[in-house]
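Working notes, beginning with the structure itself.
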Amino acid sequence: MDGNASGEDYENIDWDTEDELEIQNIVPSTCSNLVTRNASIVGNGEASSSAGPSNPNLLQHFLGMGFSEQLIVKAIKENGEANTESILESLLTYAALEDSPDELNPCHLNSPQQQQCVDNGQLSSDYDESFLDDISESDSWSGSEVAEIDSSLPEHEKALLSLANMGYTVEEASAAVARCGPEATIAELTDFIGAAQMAKTEDVFFEEEKPKISIGANGGLKKRKLYELELWKRKKRKGLINEEDDVLRLPNPMIGFGVPTDTMVVTHRTLPEAAIGPPFFYYENVALAPKGVWDTISRFLYDVQPEFVDSKYFCATARKRGYVHNLPIHNRFPLLPLPPRTINDALPLTKRWWPEWDKRTKLNCLQTVIGSAKLTDRIRKALEKWGDDPPLHVQKYVIEECRKWNLVWVGKNKLAPLEPDEFEMLLGFPRNHTRGGGISRTDRYKSLGNSFQVDTVAYHLSALKDMFPNGLNLLSLFSGIGGAEVALHRLGIPLKNVVSVEISEANRDIVRSWWEQTNQKGNLIHLADVQQLNGDRLEQFMGSFGGFDLIVGGSPCNNLAGSNRVSRDGLEGEQSSLFYDYFRILDLVKCIMNKQQ
DNA sequence: AGAAAGATGAACGGTTTG
DNA sequence: CAAACCGTTCATCTTTCT
């Protein structure tokens, strides 16, 4: 936690409150749930955010206190311009509700969520109703008014209009249609939007659960509510309340339900009813995501708690990942032979040149970019100035660069980044898995850096071996270079039908090439875009071979990963929001399989 | 030869955790 | 406090296409 004393970020605030309580109680899954909300359609968020109060001094007054313009405009709308006291109260409340660092997390200006944020500012019904108690509402609109829908419109426009009349914004509606496909049912669309909304609201809610519950949701207690919120906020500042209580924590050591060398006592867990298969599912992403992300992911994936595992317990390189799955956790076994677990064993040629003051025994996470030749050259020159025993400050500098870039010793004073085939070996892929076929060295690093650690994933999937002696049907989303396929194959689980969805042609080529080289007897179907995979396509596939036994996917981490300095926008980021497609497709498969039974 | 496309190298903080 | 982190973007060099 950084000491951001005065710097609460009042911008990009999702100020739904009561609505969150409603949404929170709705399980984001199941095709049948209809999430409706009271809101009307407002055009574009920019227009509303630029519509300031008529009294500029008032705005200036609160701006001077450090509140954002957006919030001040909202507070003034809520309370009227006359009552500065109640405006301040509202602003304090927003601040208290917003006093959580994960909301520094900006939503994109053009994202549906952001539109929602801004839109809500104009919509009193979307807002905490207790604030309305003492406000005379001359113009009380009704969220239940439904306009006639012209039956001559094309299907997707009818869907849009229906959603609009249900209170969704145009942005939400069109995003949902885009994601779910034009022929999706209204129920599917609302389900999707409700799910997406939860993603936005949950993070706030989660942090604030305590004060909200303690104050009740019934309104009429405005004074007490504000008081308690303030009190709670102060306590939290003083550390009297541990807000981490409800937030998912990373285990230490990060071994999940156990690793081959350190089996946990826990051999059983009770899955939520909705999570139980078929199909089995296995979802993966970076463990060190921004706060709240794993709470959201877990909530979407049927409230299954993530299993956080660092692959350094499986191989010579760290890889901290979270896995949400409904697999059995007993009778796991590792791939054999066990991979080398230290740098020394994995890269024996480096041993000779490894100085005693470099204490590393494990490599850090393999990423998509590597250190440059210039850097290793600079280090070599810096080291050559000293004899066998460089001074401490030089050692410190060299070690820092080694850790940052995963450099290894390949000669006297000579460091180098790992080669692509070393990436392959460390990650558990066959040698030359990503080599040839026109792929460049840079792209090999990129594909490998984005991949599973095969031994780790295989250990988790090993529980399936006894259950599918005749093989299984696999739906592999965001397949990449086929980590899941390789893991299952190495486990000796036959692959019957594999539907693999991967956007990169180079990666698809790698998997196809591997598929042929390993003489697979099954059927490999490649698709490019998860967003194009709709219910019809799925039903087609599942009808032909009788459903999927396992759905695996690690959705893009671009907007979650710590290395991203530019667009670490969280789960709503441009690429990482594809998580919702994983959920959408998983939920669709579950529904279709229920229907088929 | 010149444009277009591709590959490489380097600079770019901040969040989260123990 | 240190330590870690499935990354992005731009400039420049290299290769390929016209």
Side-chain angles (χ1 to χ4, degrees), chain A residues 1-4 7 9 100-106 203 243-244 247-254 283-295 308-312 317-323 359-360 362-378 396 399-406 417-418 420 423 426-429 434 438-454 456-457 478-481 483-484 502-504 506-507 553-570 573-576 578-579:
Chain A
M1 205 79 61
D2 62 355
N4 199 2
D9 193 335
S100 79
D102 63 341
E103 284 306 305
L104 295 173
N105 193 359
D203 295 0
E243 73 260 43
E244 307 287 320
V247 177
L248 287 174
R249 308 200 67 160
L250 298 174
N252 186 19
M254 199 184 279
Y283 174 81
E284 178 262 9
N285 216 320
V286 290
L288 283 68
K291 264 190 175 175
V293 165
W294 276 106
D295 297 301
F308 291 105
V309 181
D310 190 337
S311 293
K312 76 179 181 184
T317 182
R319 211 166 182 78
K320 298 174 184 60
R321 297 293 179 266
Y323 306 88
K359 306 290 186 194
R360 290 177 299 157
K362 301 275 184 185
L363 291 158
N364 281 336
C365 184
L366 305 186
Q367 305 197 136
T368 56
V369 284
I370 59 163
S372 68
K374 282 264 178 65
L375 171 67
T376 56
D377 195 45
R378 277 199 299 274
K396 186 167 183 284
I399 293 294
E400 260 180 32
E401 296 298 317
C402 284
R403 290 181 183 278
K404 191 193 294 177
W405 293 105
N406 258 337
L418 296 168
F423 267 49
L426 290 162
L427 291 173
F429 287 93
T434 61
I439 190 172
S440 75
R441 189 181 159 85
T442 315
D443 285 345
R444 285 180 78 187
Y445 281 120
K446 180 167 258 175
S447 294
L448 286 159
N450 283 317
S451 168
F452 288 165
Q453 206 288 325
V454 171
T456 312
V457 170
F478 316 102
S479 300
I481 57 175
E502 168 56 40
I503 197 78
S504 152
N507 285 347
S555 64
C557 69
N558 307 34
N559 311 111
L560 311 177
S563 307
N564 190 342
R565 309 174 181 194
V566 181
S567 53
R568 198 184 186 189
D569 302 331
E574 188 182 349
Q575 289 85 22
S576 294
L578 288 170
F579 160 73

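Hydrogens, waters and symmetry mates play no part in the numbers below; they use all other heavy atoms, side chains included. Letters go in sequence order (proteins before strands), and every chain restarts at 1.
A donor-acceptor contact shorter than 3.5 Å is absent between the side chain of A:Asn559 and the backbone of A:Arg568.
An OP1 or OP2 oxygen of C:dA4 is reached within less than 4.0 angstrom by a side-chain nitrogen or oxygen of A:Arg403. Contact annotation: A:Arg249 reaches the phosphate of B:dG18 (side-chain N/O to OP1 or OP2, under 4.0 Å). The phosphate of C:dC6 has neither OP1 nor OP2 within less than 4.0 Å of any side-chain N or O from A:Ser451. Phosphate contact (OP1/OP2 of C:dC5, side-chain N/O of A:Asn364, threshold under 4.0 Å): present. The side chain of A:Lys291 contributes no N or O atom lying less than 4.0 Å from OP1 or OP2 of B:dT15. Of the side-chain N and O atoms in A:Thr368, none sit less than 4.0 angstrom from OP1 or OP2 of C:dC6. Dashed line: the shortest gap from a side-chain N or O of A:Asn558 to OP1 or OP2 of C:dT8 is under 4.0 Å.
Rounding to the nearest 0.5 Å places CD of A:Gln453 at 10.5 Å from CZ of A:Arg321. Rounded to the nearest 0.5 Å, atoms CG (A:Leu427) and OG (A:Ser451) are 5.5 Å apart. To the nearest 0.5 Å, atoms CD (A:Gln367) and CZ (A:Arg319) are separated by 8.5 Å.
In this structure, A:Cys557 reaches the bases: a heavy-atom distance under 4.0 Å links it to at least one base atom across the strands shown. Across all strands shown, A:Gly480 has no heavy atoms under 4.0 Å from either base or sugar-phosphate atoms. The residue A:Asn559 sits apart from the nucleic acid: no heavy atom pair falls under 4.0 Å. Within 4.0 Å (heavy atoms only), A:Glu400 reaches no atom of the nucleic acid at all. Within 4.0 Å of A:Arg319, counting heavy atoms only, lies at least one base atom of the nucleic acid. A:Ser555 comes within 4.0 angstrom of a nucleotide base, judged by non-hydrogen atoms across all strands. Nucleic acid contact for A:Leu366: none, since no nucleic acid atom lies under 4.0 Å from a heavy atom of the residue.
The distance from atom CD of A:Gln367 to atom C1' of C:dA4 is 9 Å, rounded to the nearest whole Å. Atom pair A:Asp377:CG and B:dA10:C1' shows a separation of 15 Å (rounding to whole Å applied). Per the geometry, CZ belonging to A:Arg568 stands 12 Å off C1' belonging to C:dC6, to the nearest Å. Nucleotide B:dG14 holds its C1' atom 13 Å from the CG atom of A:Leu288, rounded to whole Å. Nucleotide B:dG13 holds its P atom 12 Å from the NZ atom of A:Lys404, rounded to whole Å. Atom CG in A:Asp310 sits roughly 15 Å away from atom P in B:dT17 (whole-Å rounding).
As the counterpart of C:dT14, B:dA5 is assigned, both hydrogen-bonding distances of the Watson-Crick or G-U wobble pattern falling under 3.5 Å. Of all nucleotides present, none satisfies the Watson-Crick or G-U wobble test against B:dG13 with each distance under 3.5 Å.
Closest of all the heavy-atom pairs between A:Asn285 and A:Ser555 is ND2-O, 3.2 Å.
Relative to the side chain of A:Ser440, the nucleotides B:dA7, C:dT9, C:dC5 differ in distance, and B:dA7 lies closest. For A:Arg441, counting side-chain heavy atoms from C-beta on, the closest listed nucleotide (B:dG13, B:dT8, B:dT17) is B:dT8.
Between A:Gly438 and A:Gly562, the one whose closest nucleotide on DNA chain B sits nearer the 5' end is A:Gly438. If A:Ser372 and A:Asn252 are placed on DNA chain B by their nearest nucleotide, the residue sitting closer to the 5' end is A:Ser372.
Separation of the P atoms belonging to C:dC6 and B:dG18 is 16 Å when rounded to the nearest angstrom.
In this structure the side chain of A:Asn406 reaches within 4.5 angstrom of the side chain of A:Leu366, judged on heavy atoms. A heavy-atom distance below 4.5 Å is found between the side chains of A:Phe478 and A:Pro556.
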